[in-house]
Number of protein chains: 4
Amino acid sequence: MAKSIKKAVPDRKSQILLSASRVFAKKGYHEASITDIIDHAGIARGTFYLYFKHKRDVFDHLLTEFLNQLDHIIKPVEIHDGAPDPLQQLKDNITNVLTLISTQPEVAKILLHLSTGLDDRSAVTASSFYNGILEMIENALKTGIELGIVRKCNTIISSVIILGTVKEVAGYLITHKNPPSIQEISNEVIQYGMNGILLAK
Amino acid sequence: MAKSIKKAVPDRKSQILLSASRVFAKKGYHEASITDIIDHAGIARGTFYLYFKHKRDVFDHLLTEFLNQLDHIIKPVEIHDGAPDPLQQLKDNITNVLTLISTQPEVAKILLHLSTGLDDRSAVTASSFYNGILEMIENALKTGIELGIVRKCNTIISSVIILGTVKEVAGYLITHKNPPSIQEISNEVIQYGMNGILLAK
Amino acid sequence: MAKSIKKAVPDRKSQILLSASRVFAKKGYHEASITDIIDHAGIARGTFYLYFKHKRDVFDHLLTEFLNQLDHIIKPVEIHDGAPDPLQQLKDNITNVLTLISTQPEVAKILLHLSTGLDDRSAVTASSFYNGILEMIENALKTGIELGIVRKCNTIISSVIILGTVKEVAGYLITHKNPPSIQEISNEVIQYGMNGILLAK
Amino acid sequence: MAKSIKKAVPDRKSQILLSASRVFAKKGYHEASITDIIDHAGIARGTFYLYFKHKRDVFDHLLTEFLNQLDHIIKPVEIHDGAPDPLQQLKDNITNVLTLISTQPEVAKILLHLSTGLDDRSAVTASSFYNGILEMIENALKTGIELGIVRKCNTIISSVIILGTVKEVAGYLITHKNPPSIQEISNEVIQYGMNGILLAK
DNA sequence: GATGAATGAGCATTCATTCAT
DNA sequence: TATGAATGAATGCTCATTCAT
């Protein structure tokens, strides 16, 4: 079983990406300097540029990689015969997303901090990602309404509410020392989605 | 009644603050340069530093001013005898917040884009504001539960959900060209809070 | 009569241009650093960029300004009735060019060092200048042949010879400590043009 | 008789020199990067430094090698009894130089582009070469004057003129697509040297 | 107060050179 | 020999901040 272990990080590129995610998560894109990143990675200045063309390049790498993972993990709710309980599918999505996020809190932080609506290339990337999610949610809601499992509602606003719910809950999960368990959080989100919180008049 | 209106903007300081809010909202804090701000305000470089010590200074000004307004507008739900319907108080809060936000979309954008969790003075300011809000919501939930008007729930997570709901909905309101009316949005948020969206058993 | 004199240099821009010409003449474009220039000018780094957009910018400024001066000083030989002796016109041109060059030896050096034929913006600028000169000379030669005052010859090659003659003589003038007088040089060039140097068999 | 030809290029060192000459001729010394050269040569980065100490090293190699060739090819005009016609010797020199130049246009370009007068080691090398040539020409002129085959003239300036003539004509030869033949050029240069071009008295 | 020329610390990026394999 | 990943000094340029007028 040889001289394997060596480092937790497999190669230089990953090493830089890891360091960059830490630094970006701590200081934000603009306040993070190349010096910060290479110091954290313990490499020379030139080495950084051996693997990435620009500062922006690492950032985009980090972002798109994470967005791709999210994309793969989020499954549109299926309703055909024999499909699992839609509620469970929903809950699975939430759990999976929160799990992925808690695995890579730094990159998640970067994504959540991205200012949608700014004149900024990365912001646009994130924005279009969120729009895609919104669309997916809205479609699910529409289908749900047709099938009678979702109450009639303004599907746009409701999608926004759901997105906000998950984003904030995710942010809470990664910025707090001892957050509730992902199970607990998912349950609560689902509960909220099923019953709201108000016990009605 | 004095020398009256003169300008839409009362004084230099406000003039700069206004310009800064526009510029920050468009480009974000880091991408916005002093040059951008003074060009927009039509003043000289030195004049800017006559009214603000740093670039950060204007930003903080903008932020705390807005946070104060929000603080004043958000009223803890009162439940004593003769108090208005709690549901209505809740709805009023939401409506008022959204209205304030839509009145000052630029500063609102700045606040919403603030990256909670960064090593950043303004971020900390915003963070503590949000924490205050969270606390307020949590207390309301607890009281509500005692009074039997709120379903038993994890009050922390639920507070986070509610905060996320309002933040995302606010973000949607100020970044879209033809958003739904504030009434409509508030209603939907309340509906969601009362019934959730899922009809499931 | 007042605090006039102050500096030999009228304004900042000229001051920078002067320093730049010295530095470029000494080290060449690439070896000259912004630091060299601002040190020579005794100004701060930022000040340089207040007056010029790029390093290249100063260089181009220097070059085109000088080329313009040359352009104005070189007069096509006129042959109509009542025009001065063509030979004298020719001599005047040479004298004027050499005089201008000796007045601004640094910029002249820059121009003469420019590598015509390189993939380089400034080189192209200089190249097209020289081509213009070549054309002018060739036209003069053709007219001269028609009028019988120039011996039949390959006008292209002869133009190149004349250009080379003046360039080399100019280079000699500015790189030597105690060069012959401009008068002497011009005379010799004219003599060479009239009789060559060989006394033929 | 051995393993013979193999490649057009005999060994690694020549291979690098060839590539370097191409690259330097196209981009100039400073704009040419080691990367350009090794890419062109199809070798690894480290290999380059196996054969040359510095970037400058290749350049100097190229330069001195070419200067040596020129040195060997240019023969001082001999005037002793039984020596060939001096005019023919002169013409042979010019023809030979132009031929050598047209054989190795890249290196020739490099030499011609060298900025005599710069704080630059190669420039100094070239400069001293040109000075040697100038001296040789001047001596020839002096002897010629003594022998009555050269008109009395300022031998320094005339040498400079002759050098400029050949340099410019050489530059023309290698930078133009369809230049006149070397014969034609040589003839014209000689004609110019014998008669000038002006017919006037 | 108001101005805008001047400042210089700070940053991203390049590239010749080295060296372990 | 040959390789190419790694290095880090050097450079051009930006921009928040100052200050003499």
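Here the structure is a predicted model, which is why all the values come from computation and not from measurement.
Between the P atom of F:dA10 and the NZ atom of C:Lys27 lies a distance of 12 Å, rounded to the nearest Å. Remark: P of F:dA9 and CD1 of A:Ile38 are 11 Å apart, rounded to the nearest angstrom. Between C:Lys13 atom NZ and E:dA6 atom C1' there is a gap of 17 Å when expressed in whole angstrom units.
Residues passing the ring pair (Phe, Tyr, Trp, His ring centres under 6.0 Å) test with D:His54, sequence neighbours excluded: none. The salt bridge (charged side-chain N to carboxylate O under 4.0 Å, His left out) check on C:Arg12 picks up nothing, with sequence neighbours excluded. Every residue two or more places apart in sequence or in another chain that forms a ring pair (Phe, Tyr, Trp, His ring centres under 6.0 Å) with D:Phe59 is listed here: D:Phe24, D:Tyr29. Take C:Asp60 and apply the side-chain hydrogen bond (donor to acceptor under 3.5 Å, both in side chains) test, not counting sequence neighbours, and it matches C:Arg121. Legend: residues meeting ring pair (Phe, Tyr, Trp, His ring centres under 6.0 Å) with C:His61, ordered by chain and number and at least two apart, are C:Phe52. Shown here are the salt bridge (charged side-chain N to carboxylate O under 4.0 Å, His left out) partners of A:Lys26, two or more places apart in sequence or in another chain: B:Asp119.
Using a 4.0 Å heavy-atom criterion, one finds that D:Phe52 contacts no nucleic acid atom at all.
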>> What does the B/S/- profile of nucleotides 15-21 of chain E look like, 5' to 3', with a 4.0 Å heavy-atom cutoff to protein?
In response: BBBB---

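Of the possible donor and acceptor atoms, none in the side chain of A:Ser19 sits under 3.5 Å from a partner among the backbone N and O of A:Ile16.
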> For DNA chain E, what is the dot-bracket line, given that a base pair needs Watson-Crick (N1 to N3, plus N6-O4 or O6-N4) or G-U wobble (N1-O2 and O6-N3) geometry with both distances under 3.5 Å, and | means paired with another strand?
Replying inline: .||||||||||||||||||||

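Of the two residues contacting DNA chain F, namely D:Tyr51 and C:Tyr29, the nearest-nucleotide position lying further toward the 5' end is that of D:Tyr51. In terms of position along DNA chain E, the nucleotide closest to B:Leu50 lies nearer the 5' end than the nucleotide closest to the other residue of the pair B:Leu50 and C:Arg12.
Applying the salt bridge (charged side-chain N to carboxylate O under 4.0 Å, His left out) rule to pairs touching residues 32-55 of chain B yields B:Lys27-B:Asp36, sequence neighbours excluded.
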